[in-house]
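Shown next, in structure tokens, is the structure this report addresses.
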Amino acid sequence: MSKILVENTFLNKELLDKAKKDKVKLIFDRYKEQQPQCPFGLTGICCKACFQGPCRIIPNAGKLQGICGANGDLIVARNLLRSAAAGASSHSDHAKEAVLALLKISQGKAKAYQIKDTNKVKDFAKLLGKNNSQNSNKLAENVALEALEDFRRQEGLFHKSEGDYLNWLRIRATKERIQLWKKLNILPISSDSETSHALHQTTMGNDADSLHIFYSLLKIGLVDGYSGLTMATDIQDMIFGTPYLTKSEANLGVLQEDYVNIIVHGHVPLLSEKVMEWSKKLKKEAEKLGAKGINVVGMCCTGNELLMRQGVKFAGHVLQQELALVTGAVEAIVVDLQCIYPSLQDIASCYHTKLITTIDFVRIPSALHIKFEVENADKCAKQIIGEALKAYPKRNKSKVYIPKEKSIVYAGFSVEAILEALSKLDKKDPLKPLVENIKKGNILGIVAVVGCRNAKLQGFKFHEELTKILLKNNILVVGTGCWAHAAAQEGLMTPEATKKYAGDKLKEVLTKIGQANNLPALPPALHMGSCVDNSRIAVLIGKLAEYLKLPIHKLPIAGTCPENATEKSFSIGMFFLTLGVSTHINPLLPITGSKLITKLMTNDMEKITGSKMLIGSSPESAAKVIIDHIKKKRKELGWN
Ligand code: BF8
Ligand code: SF4
């Protein structure tokens with residue numbers, strides 16, 4: 001058991017007490033109600049793939065096969081592939097929404113938007129071989145159409161040799177990895193066909209070869225990585241601009257008593273950017289009601305998106321979405337898609353808060369639905385703000401409590417922003433200072449953290465403590481998602497944090513880079529964005545590998561998903577693993593019911609991808625396994 005077990009300190013203690021007083025049931029209460037959780041589910045040996053089931057494998061009782069004859073290995077492998085396919089579908093749908101928006105913008109059908117990063121559009125048109133025009137709208141249309149191919153392509157699904165593979169993988173992955181994936185026969189054809197194929201493959205009576213299913217799992221990691229994460233990030237940067245260094249505030253203390261408070265929550269920034277814009281334009285309407293203005297704050301990955309590009313205040317991570325409403329100070333919570341708890345309407349109805357759903361396939365009973373489409377973005381955003389303004393006079397002052405907790409956060413570390421910061425040390429060769437310091441051991445290695453907070457780990461402060469141990473050991477930490485909220489709230493994303501938490505060698509390097517950029521130091525934990533922005537990390541890793549002329553798996557880097565909670569974060573984990581980045585995943589995946597899959601994930605896959613899943617159930621044990629891995633890689637390179 002971890003020494004760092006603490007009682008919910010990251011969760012705004014006063015609000016937990018207030019929830020009890022207000023008789024609001026929270027995720028933590030429901031978590032308790034669900035105990036004990038089913039051991040078959042936890043170890044992955046429960047199958048519901050057909051209606052003869054559910055079947056459970058009970059080795060001690062000699063029950064080694066389900067009704068159809070599937071054994072434990074097969075059941076675990078199939079369940080795992082289905083989870084990853086669900087995660088990859090989510091990220092691909094997100095990317096698709098952004099691409100369709102870009103297409104409409106380029107064709108003049110979505111007049112509320114303008115393409116902000118036209119240089120990025122040009123660069124991608126060139127990469128895709130579609131730069132046959134001077135007109136930036138035409139180029140954007142070309143880019144969007146090529147991106148759409150990555151959802152549509154079908155040729156070669158049944159006979160690999162005939163087919164092509166993802167455009168986005170071709171233009172964004174390193175040559176070394178593409179060659180390896182070609183050899184492994186895991187280059188995905190298109191996201192829609194591969195994810196639906198994975199569902200087909202894992203139905204009753206299809207693929208019974210667990211090892212073969214494991215290769216499909218690697219392929220789905222690539223679907224997630226390229227036609228999900230990377231495409232979503234790249235296209236969103238084109239529309240809304242590439243992020244650069246910005247400063248803001250984090251935690252629920254960013255809600256303001258004398259303002260109309262609107263929380264934007266979810267993942268795709270198409271609507272939230274507009275809500276932000278209209279909150280400024282409609283400030284006077286709020287003043288007429290006696291408020292000082294409209295305070296839009298961001299929750300979960302929508303929060304990350306708005307913070308990265310506009311410095312919008314950063315309200316909280318996934319486990320804080322309910323608590324935010326318990327403040328009694330939120331007029332409207334506007335959601336798009338993913339990680340939105342179905343419980344929100346129950347909580348909103350205890351206060352004056354309007355829950356507004358906006359995406360056609362994401363509905364919550366009793367919530368107000370205002371349909372969002374890029375063609376009516378302005379109208380939709382205005383209507384949403386109108387609802388918040390209507391709710392403001394209904395706020396019950398005796399029910400309001402806004403916690404004091406808030407901290408400073410520096411964000412906006414896109415790859416471009418990192419290179420720009422480094423270029424102040426070496427204009428011609430910006431990667432050189434980073435690479436030289438890694439080689440010398442001033443930076444022992446880089447660890448990439450994938451977000452999520454998991455209710456199972458509510459007492460651990462896993463993200464925060466793991467990050468601190470890594471920093472102390474001179475490891476630069478970069479990350480995304482709900483980790484970013486956790487790290488920001490803990491004060492790990494400021495120049496002061498470098499002084500306080502970084503090991504001496506790392507401190508010296510970050511101070512030098514920071515001072516060259518008019519900062520006391522570069523923060524030691526770099527906010528690289530939302531969960532789709534794990535792609536930024538992959539691009540950075542690819543650049544380092546190419547600079548060093550080394551395959552990715554030889555670099556002293558690791559990934560971690562310390563509070564894995566969603567199918568999406570698991571599919572990101574599979575992307576990192578397939579990329580060659582050994583990745584710690586916690587809590588234990590539901591694989592322990594299969595010796596074969598457990599051994600594959602934690603050991604044997606190293607022979608396939610050069611990487612493996614690392615295990616550590618406390619911040620200390622996770623840090624140890626990650627640091628040992630980085631030291632081993634350094635030793636193999638002779639970089640001691
Ligand atoms: O995509 S980190 S809990 S909010 S899944 Fe969800 Fe996990 Fe948070 Fe963002 Ni990512
Ligand atoms: Fe049982 Fe096989 Fe059906 Fe799964 S697919 S529920 S193991 S019969």
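Atoms within each ligand, like the ligands themselves, are counted from 1 in listed order. Note that the coordinates shown come from a computational prediction; the quantities given were computed from them, not determined experimentally.
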Requested in this report: For ligand 1, find out whether one of its N or O atoms is nearer than 3.5 Å to an N or O atom of Gln338.
Outcome: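 No; every N/O pair is 3.5 Å or more apart.
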Query raised in the report: Do Gln321 side-chain atoms and Cys339 backbone N/O form a donor-acceptor pair below 3.5 Å?
Result: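 Indeed, once roles are kept as given, a pair shorter than 3.5 Å links the two residues.
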Query raised in the report: With no hydrogens and no angle check, is any side-chain donor or acceptor of Asn261 less than 3.5 Å from a backbone partner on Leu255?
Result: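 No, the answer is negative, given that no donor and acceptor are paired below the 3.5 Å cut-off.
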Query raised in the report: Are any of the heavy atoms in His317 under 4.0 Å away from ligand 1?
Result: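 Distance cut 4.0 Å: His317 fails for ligand 1.
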Query raised in the report: So, do Phe413 and Tyr244 have ring centers that fall under 6.0 Å from each other?
Result: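 Aromatic pair excluded; centres sit 6.0 Å or further apart.
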Query - Within the 6.0 Å centroid threshold, strictly below: His527 and Phe314 - result: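 For His527 and Phe314, the ring centres are under 6.0 Å apart.
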**Report entry** Within 45° cone of Phe240 ring axis and under 6.0 Å: Arg309 NZ or CZ
**Finding:**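 That pair does not qualify as a cation-pi contact.
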Identity and separation of the nearest protein heavy atom to [atom]:
atom                     : value
atom 2 (Fe) of ligand 2  : Cys68 SG, 2.4 Å
atom 3 (Fe) of ligand 2  : Cys50 SG, 2.3 Å
atom 1 (O) of ligand 1   : His267 NE2, 2.6 Å
atom 5 (S) of ligand 1   : Thr566 OG1, 3.3 Å
atom 10 (Ni) of ligand 1 : Cys531 SG, 2.2 Å
atom 2 (S) of ligand 1   : Cys452 N, 2.8 Å
atom 8 (Fe) of ligand 1  : Cys482 SG, 2.3 Å
atom 4 (Fe) of ligand 2  : Cys47 SG, 2.3 Å

Query raised in the report: What part of Cys339 sits under 4.0 Å from ligand 1 if we count only heavy atoms: the side chain, the backbone, both or neither?
Result: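 Looking at Cys339 and ligand 1, just side chain atoms fall under 4.0 Å.
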Query raised in the report: Roughly how far, to the nearest 0.5 Å, is CE of Met299 from CD1 of Ile263?
Result: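 It is 4.5 Å, given to the nearest 0.5 Å.
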Query - Donor on one side chain, acceptor on other, Asp224 and Ser571, under 3.5 Å - result: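 Distance-only check passes for Asp224 and Ser571.
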Near [X], which atoms of ligand 1 are under 4.0 Å from a heavy atom of that residue?
X      : value
Cys300 : 4 (S)
Val318 : 3 (S)
Gly451 : 2 (S)

Query - ligand 2 contact on Arg56 by region, counting heavy-atom pairs under 4.0 Å - result: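 Neither; nothing of Arg56 gets under 4.0 Å from ligand 2.
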Report task. Run the numbers for me: atoms of ligand 2, each under 4.0 Å from some heavy atom of Arg78, listed by number. Result ->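 Near Arg78, meaning under 4.0 Å from one of its heavy atoms, ligand 2 has 4 (Fe), 5 (S).
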Query raised in the report: Going by the atom numbers of ligand 2, which of them fall below 4.0 Å from some non-hydrogen atom of Met204?
Result: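 By the 4.0 Å cutoff, the relevant atoms are 5 (S).
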Query raised in the report: Taking all atoms of both residues into account, what is the closest heavy-atom pair of Gly479 and Ile537, and its distance?
Result: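 Taking every non-hydrogen atom into account, CA-CD1, 4.0 Å.
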Requested in this report: Locate the shortest heavy-atom distance separating Leu306 from Ser272; write the atom from each residue and the value.
Outcome: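 Heavy atoms of Leu306 and Ser272 come nearest at CD1-CB, 3.9 Å.
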Query raised in the report: So does Asp29 pair up with Lys32, basic N to acidic O under 4.0 Å?
Result: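 Salt bridge absent between Asp29 and Lys32.
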Query raised in the report: With the threshold set at 4.0 Å, does a side-chain nitrogen-carboxylate oxygen contact exist between Arg536 and Asp234?
Result: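 Here Arg536 does not pair with Asp234 in a salt bridge, since their nearest N and O are not under 4.0 Å apart.
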**Report entry** Option set Cys55, Gly66, Gly53, criterion heavy-atom distance to atom 1 (Fe) of ligand 2, minimum
**Finding:**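 The nearest heavy atom belongs to Cys55.
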